[in-house]
Amino acid sequence: MKRSTLGRAFVLPTTAALAFGLVACGSANEEGAASGPTINGAGASSQEAAQSAWRTGFLESNDGMINYDPVGSSGGREQFTNGGVDFAGSDAYLDDKEVKAAQERCGEGGFVEVPAYVSPVALITNIEGVDSIKLKPETIAKIFNQKITKWNDPEIAASNEGVDLPDTRIVPVNRADGSGTTENFVEYLKEAAPEQWPHEVSDEWPVSGGEAAQGTSGVVQAVKNGNGTIGYADASQAGDLTTVEVGVGDEFVKYSPEAAAAVLDVSERVEGRGENSFAFDLARDTKESGTYPIVLVSYVLACGNYDNADKATMVKDYLNYMISAEGQKAAEEQAGSAPISDDLRSKVQPAVESIGSANSGS
């Protein structure tokens with residue numbers, strides 16, 4: 001997966017960060033909050049809603065303060081590897097250069113990198129008279145590559161027996177801005193339908209001639225306002241639009257939290273990154289029954305060792321809350337994300353539990 005790296009370090013804005021932390025501590029005892037440690041995080045803006053839910057839930061029964069600055073995934077990774085924050089959120093795992101920087105920053109304890117949640121990306125449509133549609137990966141690639149241009153095309157009809165498909169022009173809608181959602185969708189097309197999708201993976205949409213819209217809300221609105229439109233968006237924003245059932249092996253799968261999370265269970269870990277790195281090369285071309293392969297995985301990063309024992313304990317406890325069933329439910333309710341599976345939780349929890357301090361008396 002291609003990633004852009006920002007050319008400068010970001011400094012955590014003190015006023016904004018304290019505002020985040022103070023809001024998060026609102027449900028905690030003020031005296032206890034003041035006496036506990038403070039940990040600072042930064043990263044994916046898409047993770048901000050989940051972070052808000054996690055901070056609120058965690059601080060209901062823990063003292064301290066947690067700040068999270070939504071500067072973006074690449075900014076969060078850079079702040080973390082530069083030692084500017086204690087943890088980071090990212091919609092992409094560390095690349096090879098960042099792995100080296102994280103190892104240097106974290107020292108002998110290495111770094112911890114675990115999935116925080118899964119976000120399914122839905123294909124949304126607005127076709128007059130059609131309230132369900134099934135598409136194979138190759139067909140999806142041809143539609144977005146503008147090689148199939150009518151909804152009653154024989155290739156679409158073959159997967160939708162009994163559906164009255166109109167002779168309506170297909171209007172593909174894509175993001176106008178650089179987007180992690182675009183990058184993950186294009187990565188799916190490249191891996192699941194390589195012969196039909198010749199374009200390289202990027203966070204910029206590679207095909208001209210369609211309709212472009214700014215941000216997720218813009219794509220959803222453009223699809224909703226048109227006829228014959230199809231776009232891609234975070235599933236939590238799909239609303240009442242018709243969503244595509246995607247071909248996986250011999251079946252068609254509609255997105256769901258369970259189907260999205262199941263992709264991680266059939267994906268391989270990236271090798272050579274340390275025992276506590278759980279970065280996954282997603283099995284976009286999986287044929288496994290019940291999996292939904294168009295997803296975005298959001299990660300949380302931390303060090304295995306911190307100089308201050310109280311800070312180390314809080315980082316460990318906070319990450320444990322993030323991946324817990326309670327924390328995953330809180331993120332699902334507030335951010336619309338798909339929880340990680342119990343099986344995956346059992347695998348990554350030892351990595352979180354390994355977080356500690358070289359100075360046990362600090």
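All heavy atoms count here, side chains included; hydrogens, waters and symmetry mates do not.
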CZ/Arg269: more than 12 non-hydrogen atoms of other groups inside 6.0 Å: yes
Test log, rule side chain to side chain contact (heavy atoms under 4.5 Å, CB included), inputs Val248 and Ser289: CA-CA 7 Å; Val248 179; Ser289 176; over 6 Å; no
List the steps and the verdict of side chain to side chain contact (heavy atoms under 4.5 Å, CB included) for Glu204 and Thr182. CA-CA 7 Å; Glu204 300 284 348; Thr182 293; over 6 Å; no
When you measure from the centre of the six-membered ring of Phe111, is the NZ or CZ of Arg105 under 6.0 Å away and within 45° of the axis? no
Go through Asp342 and Arg345 one step at a time and tell me if the salt bridge (Lys or Arg N to Asp or Glu O under 4.0 Å) criterion holds. CA-CA 5 Å; Asp342 292 341; Arg345 180 183 300 109; 2.6 Å; yes
Has Glu251 got more than 12 heavy atoms of other residues, nucleotides or ligands less than 6.0 Å from its CD? yes
Shortest non-hydrogen separation from Thr81 to Glu78 and the atoms involved: OG1-O, 3.2 Å
Report yes or no: is the cationic atom of Arg55 (NZ for Lys, CZ for Arg) under 6.0 Å from the centre of the six-membered ring of Tyr68, at an angle within 45° of the ring normal? no
Do other residues, nucleotides or ligands put more than 12 heavy atoms under 6.0 Å from the NZ atom of Lys150? yes
Do Lys100 and Asp96 sit within salt-bridge range, that is, some charged N less than 4.0 Å from a carboxylate O? no
Same apolar cluster (I L V M F W Y, side chains within < 4.5 Å links), Trp54/Tyr299: yes
In terms of heavy-atom contacts, Phe87 and Tyr318 come closest through CZ-CE2, 3.9 Å
Can you name the side-chain contact (heavy atoms from CB on, under 4.5 Å) partners of Glu245, sequence neighbours left out? Lys134, Phe252, Lys254
Can you tell me if Asp281 and Tyr93 form a side-chain donor-acceptor pair at under 3.5 Å? yes
We want to know whether Glu155 and Thr139 form a side-chain donor-acceptor pair, criterion being a heavy-atom distance below 3.5 angstrom. yes
Show every donor-acceptor pair shorter than 3.5 Å between a side-chain atom in residues 205-218 and any protein atom, with sequence neighbours excluded, or say none if there are none.
{"residue": "Trp205", "atom": "NE1", "partner": "Asn174", "partner atom": "OD1", "Å": "3.4"}
{"residue": "Trp205", "atom": "NE1", "partner": "Val207", "partner atom": "O", "Å": "3.1"}
{"residue": "Thr216", "atom": "OG1", "partner": "Arg175", "partner atom": "NH1", "Å": "3.3"}

May I ask you to decide if the ring planes of Tyr188 and Phe185 are parallel, tilted or perpendicular, using 30° and 60° as cut-offs? parallel
Donor-acceptor pair, Asp86 side chain versus Asn40 backbone, under 3.5 Å? yes
